[in-house]
Amino acid sequence: MEIERKFTVRSIPGNLSQYPHHLIEQGYLNTNPVVRVRREDDTYYLTYKGKGLMAREEYNLPLNEEAYRHLIQKADGNIIGKRRYLIPLEPYTIELDVFLEPFTPLVIAEVEFPTEEEANAFIPPDWFLEDVTCNPAYHNSTLSSIPENELKEALKKYEERQKTTVEEI
């Protein structure tokens, strides 16, 4: 079971280089249910995710590089690249995803929890902005399915929404 909350960010911490990070590439073979292939540095996975927004079933199966390279070519839509920084926030870890082109300037912070109660009780740090856990537009599977000719407009809406939310505060 995966239990996580997602947030946009007000600002990116200036000291990112001090945190461990992973280079991630992923593609979606299906979005309902979610079937994803992912390369995280030199490790490869096939992932199944059930329905849900904050809590849902998730199963990861190991792949070898050859299987990953074969399957990523079959992915529908956009291949997503991002650099994931692992920032401690005891007792949790913030996974700060800084998306690469063509998804720049998108930045999403995710925090995983052992229980839904802990997820609901979580108080985000000041540099988090909007809780987008229940907004499917911020799911990677949704981002992967945005047609290339609509991607710039979608990212522009993200920037405008972030700017408006900052101004409201």
Side-chain angles (χ1 to χ4, degrees), residues 1-9 12-13 16-116 118-120 122 124 128 131-148 151 154-155 158:
M1 178 69 69
E2 175 188 56
I3 303 167
E4 73 178 4
R5 288 183 56 192
K6 295 178 180 239
F7 300 86
T8 57
V9 298
I12 297 174
L16 279 183
S17 62
Q18 78 179 28
Y19 300 110
H21 66 275
H22 300 288
L23 186 58
I24 295 173
E25 176 185 75
Q26 61 193 35
Y28 291 81
L29 304 174
N30 200 54
T31 57
N32 188 18
V34 169
V35 179
R36 172 187 78 201
V37 291
R38 171 183 277 179
R39 175 180 56 85
E40 184 174 309
D41 300 324
D42 295 323
T43 305
Y44 307 91
Y45 302 96
L46 173 73
T47 301
Y48 167 89
K49 291 188 178 200
K51 290 186 179 190
L53 296 172
M54 184 175 74
R56 59 186 175 166
E57 288 181 79
E58 179 180 82
Y59 303 97
N60 288 308
L61 301 170
L63 292 174
N64 60 32
E65 182 178 2
E66 181 182 3
Y68 171 80
R69 298 224 177 270
H70 175 76
L71 290 169
I72 194 73
Q73 293 177 21
K74 299 179 181 326
D76 295 331
N78 303 303
I79 303 300
I80 294 175
K82 56 190 175 180
R83 190 170 305 278
R84 172 170 284 173
Y85 294 88
L86 305 175
I87 303 171
L89 181 68
E90 291 300 326
Y92 311 111
T93 298
I94 298 167
E95 296 176 338
L96 184 68
D97 289 342
V98 178
F99 287 76
L100 305 176
E101 289 294 336
F103 293 95
T104 302
L106 188 60
V107 178
I108 300 291
E110 299 179 353
V111 182
E112 292 194 16
F113 304 90
T115 67
E116 288 186 52
E118 285 187 50
N120 288 323
F122 177 70
F128 282 21
D131 185 338
V132 293
T133 303
C134 295
N135 185 343
Y138 288 88
H139 283 220
N140 286 273
S141 58
T142 301
L143 294 170
S144 75
S145 64
I146 298 173
E148 192 173 323
L151 194 53
L155 290 169
Y158 161 77

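Note that the structure is a prediction, hence the values are computed from the model and not measured.
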Worksheet entry | Closest contact, heavy atoms only, Ala119 versus Met54 | CB-SD, 3.7 Å
Practice prompt. Ignoring hydrogens and angles, tell me if any N or O in the side chain of Asp97 forms a donor-acceptor pair with the backbone of Val107 under 3.5 Å.
Written response: no
Fill in: Over 12 foreign heavy atoms within 6.0 Å of CD, Gln18
yes
Worksheet item: Taking atom types as modelled and ignoring hydrogens, do the side chains of Tyr138 and Glu110 form a donor-acceptor contact shorter than 3.5 angstrom?
Response: no
Worksheet item: Backbone N or O of Val37 within a donor-acceptor pair of the Thr47 side chain at under 3.5 Å?
Response: no
Worksheet item: How close do Thr104 and Phe99 get, heavy atom to heavy atom, and via which atoms?
Response: OG1-O, 3.3 Å
Worksheet item: For the residue pair Pro13 and Leu16, what are the closest heavy atoms and their distance?
Response: O-CG, 3.5 Å
Practice prompt. Verify, without hydrogens or angle tests, whether Thr142 (side chain) and Pro136 (backbone) share a donor-acceptor contact under 3.5 angstrom.
Written response: yes
Worksheet entry | Euclidean distance, Leu71 CG relative to Tyr44 OH, rounded to 0.5 Å | 12.5 Å
Practice prompt. Describe, in one word, how the ring planes of Tyr92 and Phe122 are oriented to each other, choosing from parallel (under 30°), tilted (30 to 60°) and perpendicular (over 60°).
Written response: perpendicular
Discussion item. Going by side-chain contact (heavy atoms from CB on, under 4.5 Å), Tyr28 matches just one of Ile79, Ile80, Val35. Which one?
Written reply: Ile80
Worksheet item: Is a donor on one side and an acceptor on the other found under 3.5 Å between the side chain of Asp131 and the backbone of Arg5?
Response: no
Discussion item. Using the rule side-chain contact (heavy atoms from CB on, under 4.5 Å), only one of Arg38, Lys82, Arg36 pairs with Asn140; which is it?
Written reply: Lys82
Fill in: Asn64, CG: over 12 other non-hydrogen atoms inside 6.0 angstrom
yes
Discussion item. Minimum heavy-atom separation for Ala137 and Leu143, please, with both atom names.
Written reply: O-CD2, 3.8 Å
Fill in: Smallest separation among heavy atoms of Gly52 and His139, with atom names
O-CE1, 4.2 Å
Item to complete: For residues Ile12 and Tyr85, determine if any side-chain heavy atom of one lies less than 4.5 Å from a side-chain heavy atom of the other.
Response: no
Discussion item. Just so I know, are the side chains of Glu112 and Thr93 near enough to count as touching, which here means a heavy-atom distance under 4.5 Å?
Written reply: no
